[in-house]
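What follows is a set of notes on a single structure, which appears directly below.
By convention here, the first residue in the shown sequence is residue 1.
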Amino acid sequence: MRSFSLRDRSRSKRSLWFRAFFVLALALAVVYGAAFAWFAIQTERALVPFSDYCVELPEGETVVTVSDPRRGAQPLTQLVIHRRGDQITGAPRRVVRLPPRVALAAEDAAFFREEMRGVFRAQASAWDKANAIRSWLASRATRVALPGLQTRRAREAYLQMTAGAPVLCANLADIYAAACEAAGLTARTVGMSLLVRNGNFGRDTHVGVEVWIPELGGWIYQDPTFDCYWEVDDKPASALQLHEALLSGRQIAPGPRGRNMNEVMRRTAIDPRLYFRHLYYEYRIGGAALYFADPRLEPVHIADANWAQTDDPEALRRFDADGNTVVDQRGEIAPGIFAQIICGQLFIRDRREGTRGIRVRSSRGPVRACAYEHRRAEELGVFTGHNFARNGLFHRLGDTGALAEDWSISGPVEGVAALGGQGFAGRAGAKLWQRIRVGPGRSYVLYAKVNVPTNRAQWAFGDPHVPRSFTRGECAPERISENISDVVTSESGELEIAFELPEGGAMRVLEVIVTELPRPDGQEASAKAEARSGAQSAAKIGSATGPDNRRAPKAVAREKRHRKPTG
């Protein structure tokens, strides 16, 4: 029998400990691996993805699958898209015939011709007539103010205006278009909007007119509210040309050249050029309308047979006095899920009620989430302008160490923490807010990046002394979201920023920026300075509220009852 030495015993002990450690490490690895896998699955189910996606469509067949991770692995729907050049099949598509506009009644035409007696020579060109009528209308005793006129009959609106009733841009556009028609011209009104948020028009809207001018090549935009037209490359431009110039950063100058902006434009906080972001044309009062869908912008979402969309610029350029035929490539592919083809790209949007969020996968082309809010913030100069919100990045804390300087909390707040952002939790009504001093009569926009882990969270931004000035929105739950407000003009020289939990829960505000938008007169001075120096770079354009109380087409009115007219 072999005897063990002390050395052998030591080796045996080390071997036993090594085996025990190995077994324990293996067990821990299995446990932690299973726990990590479970956590990953739960995270996959819990996190709500984005609601708007763009899918690139290469040649051939592409299978696009839409799912909701909160509802299991079963897809909500699937599309099989075939592409051959510009021909794309497998996505929703309908051909829409927009009816001709209703002609001005003979007695109304005779009325306007009598009113315009001596305004222009009978032999005047179409362009000279259009300018003379615009200047004549601007010279009338008009008062541009809220609430504006409810009537859409041009003659009735004109009589109410000359009797002293306040008018807004839509009223003046209707009157101007009718006066042009009475003079033998062809004109159409153009609805415009600064932004579309979550498929709806914002409150910053405007209405102008396009007149068909053969000697200038087609439609030319005229603005009876501001008594001007606009030039691109020193030529009078259409609304579509102005839209393209705006989004590409090219200079837009008011015409006639050398004139000062009129008093209405000087009083307007918004630079009118920014309105050309979104365009739509109304074919029948309160009825058929055509919207231009640009892949660079979030399109308006209106589910109505009278509302058509096109991505074809030729549909807007053609002479459409007798109606228009367009291809509208959009539709509902699952309850609340919509697909649209814009310029050869497939857009998938979740517009379901309640908490939204889908996943979109493609068998071939890349899929990207649409960063509409971030692009909008960049276009408005949010990230390059002065930030009036104090501690927007929450780098400075107050005495408590849990609340950023200059911020306040109210309501049933139960917890506050500043860890990479200003977080707070509480019951329904818990609120984080701040008031800031700004220039009275100036216009501002709010940008906020917010993380909401659960339940709903809301933001509000406006002049605390003018309740009607507030613009409000909801932060997307279970994700980090970017939020851009409508334009707010401070009448008192003060603004309030607020974040609230209407149902209780928690949220973390990561970044807040309040930026002043350039005024039109400032833009004009900048443009003149650039012209003198021979600079070719385009002026960046701001935005602000505008004078529009147009009753939108029935399709718009039904889906946007919350929207208030602005002036």
Could you check, using the six-membered ring where one of them is a Trp, whether [X] and [Y] have ring centers closer than 6.0 angstrom?
X: H374; Y: F383; result: yes
X: F226; Y: H206; result: yes
X: F470; Y: F461; result: no

For this session: Report, as yes or no, whether the 6.0 Å neighbourhood of atom CZ on R396 holds more than 12 heavy atoms from other residues, nucleotides or ligands.
Result: no
For this session: Identify, with sequence neighbours excluded, every residue that meets side-chain contact (heavy atoms from CB on, under 4.5 Å) alongside A239.
Result: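 For A239, the residues satisfying side-chain contact (heavy atoms from CB on, under 4.5 Å) (neighbours in sequence not counted) are V190, E210, Y221, F276, L279, Y281.
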Seminar exercise, completed: Residue pairs meeting salt bridge (charged side-chain N to carboxylate O under 4.0 Å, His left out), one or both in residues 456-465, sequence neighbours left out, come to R456-E474, R456-E503
For this session: State, to 0.1 Å, how close R508 and A417 come at their nearest heavy-atom pair, and which atoms those are.
Result: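 Closest approach of R508 to A417, heavy atoms only: NH1-O, 3.5 Å.
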Problem set entry | Residues in side chain to side chain donor-acceptor pair (under 3.5 Å) contact with D52, at least two apart in sequence or another chain |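 Partners of D52 under the side chain to side chain donor-acceptor pair (under 3.5 Å) test: R351.
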Problem set entry | Basic-acidic side-chain contact under 4.0 Å: R296, E379 |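 The answer is no: the pair does not qualify as a salt bridge.
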Atom pairs and distances, side-chain donor-acceptor, residues 331-340, under 3.5 Å, sequence neighbours left out:
unit_1, atom_1, unit_2, atom_2, d
E332, OE2, G336, N, 2.7
Q340, OE1, R349, NH1, 3.1
Q340, NE2, Q309, OE1, 2.8

Exercise. Is the Lys NZ or Arg CZ of R188 less than 6.0 Å from the centre of W219's six-membered ring, within 45° of the axis?
Worked result: yes
Problem set entry | Residues which pass ring-ring contact (aromatic ring centres under 6.0 Å, His included) with H278, listed by chain and number, not counting sequence neighbours |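 Checked H278 against ring-ring contact (aromatic ring centres under 6.0 Å, His included); zero matches.
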For this session: Could you tell me which residues satisfy salt bridge (Lys or Arg N to Asp or Glu O under 4.0 Å) with R390, sequence neighbours excluded, listed by chain and number?
Result: D406
